[in-house]
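Below: the structure, in C-alpha cells.
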2 protein chains.
Amino acid sequence: MALLDLLGRRWALRVIWELRERPATFREVRERCGGVSPAVLNDRLRELREAGVLEHDDPEGYRCTAHGLALVQALAPLDAWAKAWAKRAARESRSTSDAG
Amino acid sequence: MALLDLLGRRWALRVIWELRERPATFREVRERCGGVSPAVLNDRLRELREAGVLEHDDPEGYRCTAHGLALVQALAPLDAWAKAWAKRAARESRSTSDAG
DNA sequence: TGGCATGCTACGGATTCTGTAGCAGCTCTT
DNA sequence: AAGAGCTGCTACAGAATCCGTAGCATGCCA
C-alpha cells in the first residue's frame, strides 16, 4: 500500500475531506483545517496535486479532481464507520463516570 | 473527524491492515510493517486497543476486534481506489521516460 | 542452568509539525 | 499614484513525533 505514504501523513486525508464538496482557497483550506501550518499545508497540497487527487484553479482555488472525488467516495464507508465508532467512544467515556 | 486523530498517525492504518486476516505477535507485526520502531508500534497498539479496534490475546498475539473488522471492511473501497491509483501513477511515471 | 521466545522500555539523532511573521503579486477604491 | 485587502507561499525557532538499536523481565523447554 503505497497509498499510506500519501494518506498516512498528517492532514492529508483531512485536506481531501474538506475539499470534498466545494473548492477553497489556500487560506480557506487552512481555516477549515483548524489553522494548519501553511508550510505543511503547502506540502500536502503539492503532494496531492502530484498524485492527481487535487488541482488548482485560479479563480476558485483548490478542488478535487475526478480521481479525488473517487477517493472521497471510497472514503464514505470509512466515514460511516467513524460515526458508529464515535458513538461507541462516547458510550465508553460515559461508562467511566456513570455506571448505567 | 476525530477518526483522523487515530488513523492519521503513522503506521496506524498499516497495523490494522496487516492484522486484517490473521493475528500476529508484537514482533511479527513489527516485521510485517517493515521493522517499525517498537516504541511507536507500542504506542499505536495501545491507542488502537483503547479505541476498541484491536485486542491482545495471550497465545495468538494481537488481532482485530469486531469493530476492527468493520473498519477493515470500510477500508476495502479505499484499497480498491489505491489499486486503480497505483495503475495511474505507474502510467504517469512511464510517460515521463517514454513518450508512447 | 542455558537457550529461545515473548512484550515492552530507553535513548540519541533525524524527521516532521506547530505557530507566527512576512514577502510578492493582483484587484479594487479613492 | 497610493492604500487596503485579497491571493499563494516562504522562513524560522521550538515542540512533538519517528527511527534505529540495545536491552530488560518474564515464561517455556530440555
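What you see below is based on every heavy atom in this structure, not just the backbone, and it leaves out hydrogens, waters and symmetry mates. Proteins come first, then strands; the chains are lettered A, B, ... in the order of their sequence lines, and each starts at number 1. Worth saying up front: this structure is predicted, and the values here are computed from it rather than measured.
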5' precedence on DNA chain C between Leu45(B) and Arg30(A) (nearest-nucleotide basis): Leu45(B)
NZ/NE/NH1/NH2 to OD/OE distance under 4.0 Å, Arg32(A) and Glu28(A): yes
Of the listed dT9(C), dC9(D), dC8(C), the closest approach to the Tyr62(B) side chain comes from dC8(C)
Measure from CG on Asp57(B) to P on dG7(C) and round the result to the nearest Å. 11 Å
Tell me whether Leu13(A) is reachable from Val72(A) by hopping between hydrophobic residues (I, L, V, M, F, W, Y) whose side-chain heavy atoms are closer than 4.5 Å. yes
Does this structure show an ion pair linking Arg14(B) with Glu18(B), if we count only N-O contacts that are shorter than 4.0 Å? yes
Check whether any side-chain nitrogen or oxygen of Arg27(B) sits under 4.0 Å from OP1 or OP2 of dG7(C), and answer yes or no. no
OP1 or OP2 of dA5(C) less than 4.0 angstrom from a side-chain nitrogen or oxygen of Thr25(B), does that happen here? no
Would you kindly give the CG-to-P distance between Leu41(A) and dC17(C), to the nearest whole Å? 12 Å
Between dC9(D), dT18(C), dC18(D), which nucleotide gets closest to the side-chain atoms of Arg10(B)? dC18(D)
It should be established whether Trp11(A) places a side-chain nitrogen or oxygen under 4.0 Å from OP1 or OP2 of nucleotide dT18(C). yes
With a non-hydrogen cut-off below 4.0 angstrom, is Arg44(A) in contact with a base, only sugar-phosphate, or nothing? sugar-phosphate
Taking 4.0 angstrom as the limit, do Glu55(A) and Arg63(A) come out as a salt bridge? yes
Could you tell me whether the phosphate oxygens of dT9(C), OP1 or OP2, come under 4.0 Å of any side-chain nitrogen or oxygen in Asn42(B)? yes
Of all the nucleotides listed (dT18(C), dC9(D), dC19(D)), which has the minimum atom distance to the side chain of Phe26(A)? dC9(D)
For atom CG of Leu54(A) and atom P of dG8(D), their distance in whole Å: 13 Å
Rounded to whole Å, please give me the gap between CZ in Arg49(B) and P in dG7(C). 10 Å
In terms of side-chain heavy atoms of Pro38(A), which of dC19(D), dT7(D), dT10(D) is nearest? dT10(D)
Could you tell me how far apart Asp43(B) (CG) and dG7(C) (P) are, to the nearest whole angstrom? 16 Å
For the pair made of CZ in Arg46(B) and P in dT17(D), what is the distance, rounded to whole Å? 12 Å
Sidechain-backbone polar pair: Thr25(B) side chain, Gly61(B) backbone, donor-acceptor under 3.5 Å: no
Of the listed nucleotides (dT16(C), dC19(D), dC9(D)), which one gets closest to any side-chain atom of Val36(B)? dC19(D)
Arg63(B) has an atom CZ; how far is it from atom P of dG7(C), in whole Å? 13 Å
Choosing from dC8(C), dT16(C), dC9(D), which nucleotide comes nearest the side chain of Arg9(A)? dT16(C)
